[in-house]
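Notes follow the structure.
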Amino acid sequence: MSRQAPAVLDAGQRHPVRFTLNGRKAGGEAEPRMLLHDFLRHVLGATGTHVGCEHGICGACTVQIDGAPARACLTLAVQADGAEIRTVEGLALAPDRLSALQEAFRAHHGLQCGFCTPGILMSLDALLRERPDCGEAEIRETLSGHLCRCTGYTPIVKAALAAAEALRVPHHA
Amino acid sequence: MKPARFAYQRAATTEHVLEALHRSGGEARVIAGGQSLVPMLNMRLARPALLVDIMHVAALSHVDDDGARLIIGAGVRQRDLEMRHDTAARQPLLAMALPWLGHVQTRSRGTVCGSIAHADPSAELPLVLTALRGEVHLRSRRRARRLPAEAFFTGMMVTARAEDELIEAVSVPAVRPGTGYAFREISRRHGDFAIAAFAAVADEKELRLAIGGVAETPKARVLPTDQGLDDALDTFAWNLEARDDLHASARYRRELVRRIGREVVLAAIRDREARALKEAT
Amino acid sequence: MTLDVHAQTVGEGGWVGISIPRVEDAALLAGRGRFIDDLGMPPGTLHAAILRSPHAHATIESIRTDAARAMPGVAAILTGTELRALTTSLVVGVKAPVECWPMAIDRVRYVGEPVAVAVATDRYLAEDALDAIEVSYAPLPAVVAPLDALRDGAPLLHEGFPGNIASDRSFSYGDPDGAFASAPHRIGVDVDYPRNACTPIETYGVVAEYDPALDAYDVLANFQGPFSIHAVIARALRVPGNRLRLRTPPDSGGSFGVKQGIFPYIVLIAVAARLAGRPVKWIEDRMEHLAGAVSATNRVTRLQAAVAEDGRILALDWDQIEDCGAHLRAPEPATLYRMHGNMTGAYAIRNLRIRNRVVVTNKLPTGLNRGFGGPQIYFPLERLISRIAATLGLDPLAVVRRNLVPADAFPYRTATGALLDSGDYRAALDVALRDGDHESLLARRAAARVEGRLYGIGYAAVVEPSVSNMGYITTVLTAAERRRAGPKNGAQATATITLDPVGSVSVHVASVPQGQGHRTVLSQVVADVFGLRPSDIRVVTELDTAKDAWSIASGNYASRFAPAVAGAAQIAATRLRERLARIAAAQLNARADELVFSAGKVFSPGNPGNAIPFTRLAATGHWAPATLPEEVEQSLRETVFWTPPQLDAPNDADEVNSSLCHGFIFDFCGVEVDRDTGEIRLDRYVTMHDCGRILHPGMVAGQITGGFAHALGAALLEEQSYAPDGSLLTGTLADYLIPTAREVPEPVILHYETPSPFTPLGAKGVGEGNTMSTPVCIANAVADALGLADIRLPLLPSRLSEALHGAEPQPPHHEARPPQATQGERTLFGRGRASVDATPEQLWAMLLDPALLARVVPGADNVRRESDTRFRAEVTLGIGPVRGRYRAEIALSDLDPPRAVTLSGSVDGALGFGRGRGRLRLVPVGQARTELTYDYEAAVGGKIASIGGRLLDGAARVVIGQFFESLAVQASGRRPSLWRRLLRLFRRRA
């Protein structure tokens, strides 16, 4: 470990930020104050991550940072330097092939306007990976970090339960 | 809602952090998980000149268990502590409270010490620290000191931390035989800050109830276990000087102290008995 | 799994009526939505940020923008002065000499009202520029509650609205006087219906450009309609309609009415673009949205009923006071009149008296929100039903049944003029009770009560209007005023079907969806007409007023899609099919009217082997127009405009068919209230809908669960709260509480279908009904559980405390009862005393010395003496991480040297403001000591009040404490041992 104090990234200057985005190297420049969602959307052009409140409540901007769901609006781009970031753009198996979770949302009408959906998918994707046997209570618990104004949540819960089932019995789907 | 300008430094060692705090004359702030600080930056309520990121300081990122205490480093995320296999065994009250902190999406980034530093009177961790008579480990270039929770929290979002001090860790006593714990929170929605939150510790010597969300800091009282309990809770309720706000009246908060306070201390006593039974078998 | 919707098989009756996967979803699920902030912008597009008023009511004395203009990256600053020079006031919906600007001019009237716009190269820099704009305000008294606004001497918002009344109309239908005079019972309810807002997760967005050569504006906005507002915007921008091109993005992140309210911002950003000479983009942030977007109205209602012994309602007497906030923005006061035809709900009541008053207050202006006027009507009406049952000792269901419009009466003309299109309300109610297992709920209540638990059952029966009559709002005018203005009526829907050279089908409608799946449903409707698959149909729903067919009624509101827009598309497709059939008839030697369009082919039923592929037939008009039969002019495109003939203008008796369709909803639910915490658990919720013909069951279910969640929020959590001084208390989503997946259970959804005879597809609207039925259904259940007569939304556990826990016992004798502040009160009171090692004369001298004052005022520097008793300073105040810079003024008055003085102080800054005055008394103790006593009163508000009122109060106490602490330190030349106790005192007493 260096005795030399690490460089101070000056306010008002842009500094390089590099991380892995959906398995690929990504990078750009950001002022220290730039929020991760602005960096993803407006520097890297990954507009799938949406912005709903910028104070950490609505969950629309949820991405995965080093595997865990997190609010992009409560993260500075410079904090994410070197991290592994996953966003909604990384969920589909191929451009014309949705993941089991995405497919379940489609089958169960788990979205209407689709604005909150990317964040919800990122939280549920992490949950289903970590807890494949999760039931409705855990799903609702995870979803409680997200606000959806269209669906009333019922179809989302159904979609998540169906996805969990499909992932447990992959060929059944 | 975009932050005002600040500089950013990613510290690699505790010394880097202390040096930056020392040199900044109060204009620097530590950023760990950022879950309390970044909203204030976005709203331009907080306008530090420099943010010192401590999440890459290896020395701050672990939980030490010296048998008597759990010492939780400044870089330990809430979710990591929640997911540790032995947290519930080593300090049950901590494990009871952690799922109530915000949401999984904020616990994944937020740190234990960050919540303590923020000192929101309705937050769960300051309450738990107070209930357990935990300590805050502060370090600056000048000195290292430990403050008991009740001395650390001096007001709403105000603490005894000097501007050049880093919260290096917090420590809580590990579970002790013959001790029972209980936690309960009343909030408008799950994940919201508490209207009133309760943490009780019952051992052979005393029955201690701490309450958050009502006064400007979490407050703890030792309560009698006999028929004087209701009167003691009533006095405690009035002592807390609850205020009306948008979400609950002062009167409702006092009512919760009397009713839920009672429930929680009784739950702690039952927990103590259950643990004693388990220890015996 | 694949993206293939072809896997779906067509149902017996075609595609309509089955839940095919939505065509919208694949892109949205993969992060490829095209919301406004996702779209590419012209190079050089600038970004706007808006400075907003921290005051509920104040005169703007000055706005200093030079420092902001000089900042790097800043292109323009727009204030009221420029706005007034370049635009005209927005039109106001009543006849009164008032103006309504999209930004404050000279005076602010609500917290969050725009005061200046900064335009810079990015949003961060634009917000930096806001920090550098200095606005000087002279605060005025504010009025918040509608009844207060009506009081004599209430602060006046607009000279043109004397007594703060924007409109006062009385109506009478049938013989209410006779009915009330002869009825055995008069039963009433008083309701104070709160404010809430539907808060879509995507906020407003506008990108505007101005072309000086053409004097034309080009605007992209996630506006939702109605496009009557296009005329309002164009007029404000002083251009003819053809110089305002208004476009919408392909995707919009929810609206629920709210995105109608973007129009003042369209004007604002358009003018900013003109001023900057470049395209300007503005994306509203969440705090702007909560403070400055739009709210539903709050309403104070007194509803009285003349009731017969058997519970039959003979007459209603409505007295409604509608609160539209600080400005009457188009289309208000429409919230009050949208339901005018439906003031008797689902009931056959022939006699009515209605008085409608519209008042203005220092709150956010109101506008469209899901339910629009319905929740405000049905809460009193269905509480009344419950009160009639309780008062007369009847079963609430018996009262409902006795009054429902009978099945043989449809179409039924209500007393106020609505034509209820279809229904069998009693049958629907009976099916709901049976299939919703009402019996078991009664048993659960009985069992719970035996155990001493608090369990209640609530009911609500409502009529859900859809497809608004564009003329209903003119009911606010008198018949004479209407005659002068000319009739307004109808509900034009448009749809265009296009066939391209390879015979594929495109549909365009002006429906501007925000997630309702219009593209999917239209593909179903049109596929059925042409015998194709939905995936063969491409549907475009974004609107461009320069190129597309539209009318003032276009847009997505009043639940008009399924009944009106989908029907228009069906008519357009059918007309095009008739032309294609004529072309095919010539080729197939068959009669046009017998041809079958099925499975992508066109053939005569007698000779299915001889079929023409649809695509070839559809392409004919492009490749071989000369071969078309003479009567077929072209077969390329068909545009249909459809308006229902039933929607007449209000008549001279003020009767109005305010909506085309009327769904019926009957809900019941069981709730349990926790005795200790007052928390409400929804045990079971059953909702029965008659929404006519169901086009897509999955989407109908989604509309119901979505509306239910909004309603649950309104019932239990949501209120846009203002303190008595007009400070906004719900400025973040930490205080404006929206239900999450943990709060919203799954409702039991039932259907009873009676197709509307007035719509092409038999469909009615369905999206808004639960916002009307559910809040009052839950309130009725809670009232039943607790035996309450009066109940107010939202049903905060804290508010139930009195009913649950009775009067609170006095504190133990050694505990002082702390001063009781009223709910949300923003005034702090405090008093304290200190003993200081200095003489009164020494202390007195300090108070008059700027240099010493600089050391006493916490965080002050640059103290300037304006006169002997007035000082100005710059102060930096901080509490925890919150730190801000303020301009401070301190004045001394009522001087009684060296015994007493009144200190008045004010601070103003980006984070908020504070004003306080305190009387300081100095009493000598011995030779060199002074006993200092003080009491103060302080009001604090502004940005931080809407973020964290708790924090603000704490901060104010600390700052005031610091002042006296420093005073004591300075006076005695050392840190007094007392200061900690002093601080404690502040906290305790304040």
Side-chain angles (χ1 to χ4, degrees), chain A residues 31 33-34 38 41-42 46-55 57-58 60 87-92 95-103 105-109 111-118 121 139-158 166 173, chain C residues 1-3 19 21-22 24-35 37-38 122-124 198-203 251-256 283 285-287 513-517 698-699 701-710 712 732-734 738-747:
Chain A
E31 275 187 54
R33 63 170 165 172
M34 182 176 266
D38 281 332
R41 293 175 51 79
H42 301 307
T47 55
T49 299
H50 297 149
V51 185
C53 77
E54 292 181 296
H55 55 284
I57 311 254
C58 81
T87 64
V88 67
E89 287 96 339
L91 287 181
D96 62 347
R97 206 168 142 73
L98 298 178
S99 72
L101 178 63
Q102 291 166 310
E103 202 56 66
F105 265 65
R106 195 160 182 239
H108 292 270
H109 303 292
L111 67 158
Q112 287 180 28
C113 78
F115 194 79
C116 68
T117 313
L121 292 174
I139 286 167
R140 284 189 182 267
E141 163 92 39
T142 295
L143 287 174
S144 73
H146 294 271
L147 299 177
C148 167
R149 281 302 231 179
C150 292
T151 64
Y153 306 106
T154 291
I156 297 179
V157 173
K158 287 186 176 161
Chain C
M1 277 178 238
T2 69
L3 302 182
S19 295
R22 299 197 326 164
E24 291 87 352
D25 290 356
L28 294 172
L29 286 162
R32 290 198 307 271
R34 289 175 298 156
F35 298 91
D37 196 28
D38 303 340
D122 71 42
R123 175 66 179 246
Y124 289 76
C198 286
T199 55
I201 304 302
E202 182 199 38
T203 56
D251 290 309
S252 179
S255 173
F256 323 106
I283 302 293
D285 70 36
R286 182 56 60 184
M287 288 178 65
Q514 292 95 21
Q516 291 89 347
M699 286 188 213
Q703 285 300 312
I704 293 171
T705 54
F708 174 70
H710 269 285
L712 196 82
T732 74
L733 291 179
I738 292 168
T740 76
R742 299 198 35 145
E743 284 77 41
V744 186
E746 180 176 359

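Every chain is numbered from 1 and lettered A, B, ... according to where its sequence line falls, protein lines coming before strand lines. Below, all heavy atoms of this structure are taken into account, side chains as well, without hydrogens, waters or symmetry copies.
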Checking heavy atoms, do the side chain of [X], its backbone, both or neither come under 4.5 Å from chain A?
X	result
C:T199	both
C:E202	both
C:E743	neither
C:F35	side chain
C:D251	neither
C:E746	both
C:P513	neither

Non-hydrogen side-chain atoms of [X] and [Y] separated by less than 4.5 Å:
X	Y	answer
A:R41	C:D37	yes
A:C148	C:T740	no
A:I57	C:T732	no
A:L111	C:L28	yes
A:H50	C:D38	yes

Who among [options] has the most heavy-atom pairs with chain A under 4.5 Å?
options	result
C:Y124, C:F708, C:F256	C:Y124
C:A709, C:P747, C:G33, C:G702	C:G702
C:P745, C:C198, C:S252	C:C198
C:G517, C:G707, C:G515, C:A27	C:G515
C:I201, C:I704, C:I283	C:I201

Strictly below 4.0 Å, N to O, side chains only: are C:R286 and A:E54 in salt-bridge contact?
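No, this pair does not count.
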
Residues C:R32 and A:E89 bridged, charged N to O under 4.0 Å:
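Looking at A:E89 together with C:R32, the answer is no, because their closest N to O distance does not fall below 4.0 Å.
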
Answer with side chain, backbone, both or neither: which region of [X] has an atom nearer than 4.5 Å to a non-hydrogen atom of chain C?
X	answer
A:A107	neither
A:T47	both
A:L147	both
A:Y153	side chain
A:H42	side chain
A:S144	both

What is the minimum heavy-atom distance between [X] and [Y], and which atoms define it?
X	Y	answer
A:H109	C:G698	CD2-CA, 3.8 Å
C:A26	A:L98	O-CD2, 4.2 Å
A:R140	C:V744	NH1-O, 2.9 Å

Of all of [options], which one pairs up most often with chain C through heavy atoms under 4.5 Å apart?
options	result
A:L143, A:T151, A:L91	A:T151
A:G90, A:G152, A:P155	A:G152
A:P118, A:C150, A:G48	A:C150

A:H55 side chain to C:L733 main-chain N or O, any donor-acceptor pair under 3.5 Å?
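Flag set: sc A:H55 to bb C:L733 pair under 3.5 Å.
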
State whether the side chain of C:H710 and the backbone N or O of A:R149 hold a donor-acceptor pair below 3.5 Å, judged by distance alone.
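Yes; judged by distance alone, with no hydrogens or angles, the pair exists.
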
As a quick check of understanding, evaluate salt bridge (charged side-chain N to carboxylate O under 4.0 Å, His left out) for A:D38 and C:R123, giving each step before the final call.
CA-CA 10 Å; A:D38 281 332; C:R123 175 66 179 246; over 6 Å; no

Once you round to the nearest 0.5 Å, how far does CD of A:Q112 lie from OG1 of C:T705?
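So the gap between those two atoms works out to 6.5 Å.
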
